[in-house]
There are 2 protein chains.
Amino acid sequence: MSRTRNRNFPWWHQQFVDNGYRITEPRQAILKVLNKTAGHLSVEDIYHQVHKRYSNIGLTTVYRTVGLLENMGIVRKLDFGDGRARYELSKGPQAIHHHHLICKNCGKVIDYKEYLDNELKFVNKVEGLLEKKYNFKIDSHQLSFYGLCEKCK
Amino acid sequence: MSRTRNRNFPWWHQQFVDNGYRITEPRQAILKVLNKTAGHLSVEDIYHQVHKRYSNIGLTTVYRTVGLLENMGIVRKLDFGDGRARYELSKGPQAIHHHHLICKNCGKVIDYKEYLDNELKFVNKVEGLLEKKYNFKIDSHQLSFYGLCEKCK
DNA sequence: TTGCTTATTGAAAATGATTCCCATTTCCAA
DNA sequence: TTGGAAATGGGAATCATTTTCAATAAGCAA
């Protein structure tokens, strides 16, 4: 299963090396899952996926790896207020949608794609202003609307 | 200590009655704390405050009451991603600021007040459009920027 | 290749916030 | 005033996440 002698390193390889992190099988497996699965994955989602192929990889390792990836900026952590964190690749096709519509009753989450142009323009402007004013280094944001979905209202 | 015979009912009294909820001492105490304390209170913050006067009121009751108040729309639940929920009155002077700047490292939270006019205008527009499009009943939103504060960067 | 050093791992226990359970107390409409 | 439903509180239960620690394995140097 080892592919280390293959020089076709995955896109995240260099970031690991630069940070002095080792390329291990669990980390590769977890990144593979993140790469092939779209949407918001909870740690347990990832764990289950990974487990199909590598039943020896532990939940703790998934937590650790996902935290590592977040620090490196490879994944983004999302919080839908249901008591468990979600993760998604910060690069990639769906990277723009950190804007959500959340049902307070059943927990359903909709990534809406409308109005993103306007939103992004607006959010980026505010972001720049806030960075200057409060001397923050802002690297992400999250806009969530809460309410009741079609079924629950 | 009973003030029930006083007809000067607090502003939230009628909402309780309308919903068929009883006016109890713990609930009054918790609302008093919420009324006099500005900012984002965790359940434990509230518990500690309440405990000063009423050492018999239990933590469980604070959780229950705060949940009740949220359902009634009297308080708003906030989530800063630090693993504990915060609450604030949804009416009142600071009711507009559900827009935050959060330090990922030390957890510092800034309620920023700038650009709210534009933001609100913008957010309300999007809110209306989303309600129609997805048939949601939206009752709140939260916009958070994440990054590193002055000290932590 | 072979060791060696040290990061990484996994299992189990610890933690911390929140919820559940249930016997007891309290509110309040009749 | 009183009966019964609602509310309470304290401890146990739950659930996500962290910590601990001994065993393992990545990757550098020889």
Side-chain angles (χ1 to χ4, degrees), chain A residues 1-7 9 13-14 16-31 40-48 50-51 54-72 75 77-87 104 107, chain B residues 1-7 9 13-14 16-31 40-48 50-51 53-72 75 77-87 107:
Chain A
M1 223 355 128
S2 167
R3 183 104 5 124
T4 35
R5 89 186 79 88
N6 183 343
R7 296 298 146 70
F9 293 130
H13 182 104
Q14 195 55 44
F16 269 68
V17 173
D18 290 347
N19 285 285
Y21 296 136
R22 294 178 179 172
I23 316 282
T24 67
E25 192 171 61
R27 287 173 179 176
Q28 297 183 72
I30 289 164
L31 272 156
H40 324 116
L41 305 214
S42 69
V43 171
E44 205 159 312
D45 292 337
I46 299 170
Y47 174 69
H48 283 318
V50 165
H51 221 254
Y54 308 88
S55 61
N56 51 315
I57 294 179
L59 182 59
T60 307
T61 298
V62 181
Y63 272 104
R64 274 188 295 232
T65 301
V66 130
L68 202 73
L69 295 175
E70 196 202 352
N71 287 340
M72 285 193 284
V75 300
K77 186 180 193 175
L78 301 173
D79 188 339
F80 297 147
D82 64 345
R84 81 191 58 197
R86 313 286 173 138
Y87 294 88
K104 278 172 146 178
Chain B
M1 212 13 116
S2 168
R3 180 102 8 121
T4 35
R5 87 187 78 89
N6 183 344
R7 296 298 148 70
F9 293 131
H13 182 105
Q14 195 55 45
F16 269 67
V17 173
D18 290 347
N19 285 284
Y21 296 135
R22 295 179 178 174
I23 316 281
T24 67
E25 191 170 62
R27 288 173 178 176
Q28 296 183 72
I30 289 165
L31 272 155
H40 324 117
L41 304 215
S42 69
V43 171
E44 205 158 314
D45 291 338
I46 299 170
Y47 175 69
H48 283 318
V50 163
H51 222 252
R53 266 198 185 293
Y54 308 87
S55 61
N56 51 314
I57 294 179
L59 183 58
T60 307
T61 297
V62 180
Y63 271 103
R64 273 187 297 231
T65 301
V66 130
L68 202 73
L69 296 175
E70 196 202 351
N71 287 341
M72 284 193 284
V75 301
K77 186 180 193 174
L78 301 173
D79 188 338
F80 297 147
D82 65 344
R84 82 191 59 194
R86 314 285 174 138
Y87 294 88

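Using a distance-only test at 3.5 Å, with no hydrogens or angles considered, a donor-acceptor pair links the side chain of B:Arg27 to the main chain of B:Arg22.
Taking only side-chain nitrogens and oxygens, B:Thr61 comes nearer than 4.0 Å to OP1 or OP2 of D:dG9. Look at B:Thr24 and you'll find a side-chain N or O under 4.0 angstrom from OP1 or OP2 of D:dT8. Side-chain nitrogen and oxygen atoms of A:Arg84 include at least one within less than 4.0 Å of the OP1 or OP2 phosphate oxygen of D:dA16. Distances shown here put a side-chain N or O of A:Arg27 below 4.0 Å from the OP1 or OP2 atom of C:dT8. In this model, the phosphate group of C:dT8 is not approached by any side-chain N or O of A:Arg64 to a distance below 4.0 Å at OP1 or OP2.
Nearest nucleotide to the side chain of A:Tyr63, out of D:dA16, D:dG10, D:dG27: D:dA16. Taking the side chain of B:Ile57 as heavy atoms from C-beta on, and the options C:dT8, C:dC27, D:dG9, the nearest nucleotide is D:dG9. Comparing atom distances between the A:Tyr21 side chain and each of D:dA16, C:dT8, C:dT18 picks out C:dT8 as nearest. Comparing D:dT8, C:dT18, C:dT5 against the side chain of B:Leu59 picks out C:dT18 as the nearest. For B:Ala85, the side-chain atoms get nearest to C:dT18 when compared with the rest of D:dG11, C:dT18, D:dA6. Picking from C:dA7, D:dT8, D:dT18 the nucleotide with the shortest atom distance to the side chain of B:Pro26 gives D:dT8.
Distance, B:Ile23 CD1 to D:dA6 P: 15 Å, rounded to whole Å. If you take CZ of A:Phe80 and P of D:dA16, they are 16 Å apart, rounded to a whole angstrom. Rounded to whole Å, atom C1' of D:dT24 lies 11 Å from atom CZ of A:Arg22. Atom CG of A:Asp45 is separated from atom P of D:dA16 by 11 Å (rounded to the nearest Å). Computed from coordinates, the B:Lys77 NZ to C:dA17 P distance equals 14 Å when rounded to whole Å. What separates CG of A:Asp82 from C1' of C:dT18 is a distance of 14 Å, to the nearest Å. Counting to the nearest Å, the P atom of C:dT19 and the CG atom of B:Asn71 are 11 Å from each other. Distance, B:Phe16 CZ to C:dT26 C1': 15 Å, rounded to whole Å.
Scanning both residues, A:Pro26 and A:Thr61, for their nearest heavy atoms gives CB-CG2, 3.8 Å. Across all their heavy atoms, B:Glu70 and A:Lys104 have their closest contact at OE2-CE, 4.0 Å. The shortest non-hydrogen separation linking A:His40 to A:Asp45 is O-OD2, 4.0 Å.
Only one option out of A:Ile30, A:Val66, A:Leu78 pairs with A:Tyr87 in a side chain to side chain contact (heavy atoms under 4.5 Å, CB included); it is A:Val66.
Between B:Leu69 and B:Leu31, the closest side-chain pair of non-hydrogen atoms falls below 4.5 Å. For the pair B:Val43 and B:Arg86, the minimum side-chain heavy-atom distance is 4.5 Å or more.
Toward the 5′ end of DNA chain C lies the nearest nucleotide of A:Ser55, the other residue of the pair A:Ser55 and B:Val43 mapping further downstream.
In this structure, NE2 on B:His51 lies 8.0 Å from CD1 on B:Ile57, to the nearest 0.5 angstrom.
The overall bend of the helix from C:dT1-D:dA30 to C:dA30-D:dT1, read as the angle between its terminal helix axes built from five base pairs each, is 30° when rounded to 10 degrees.
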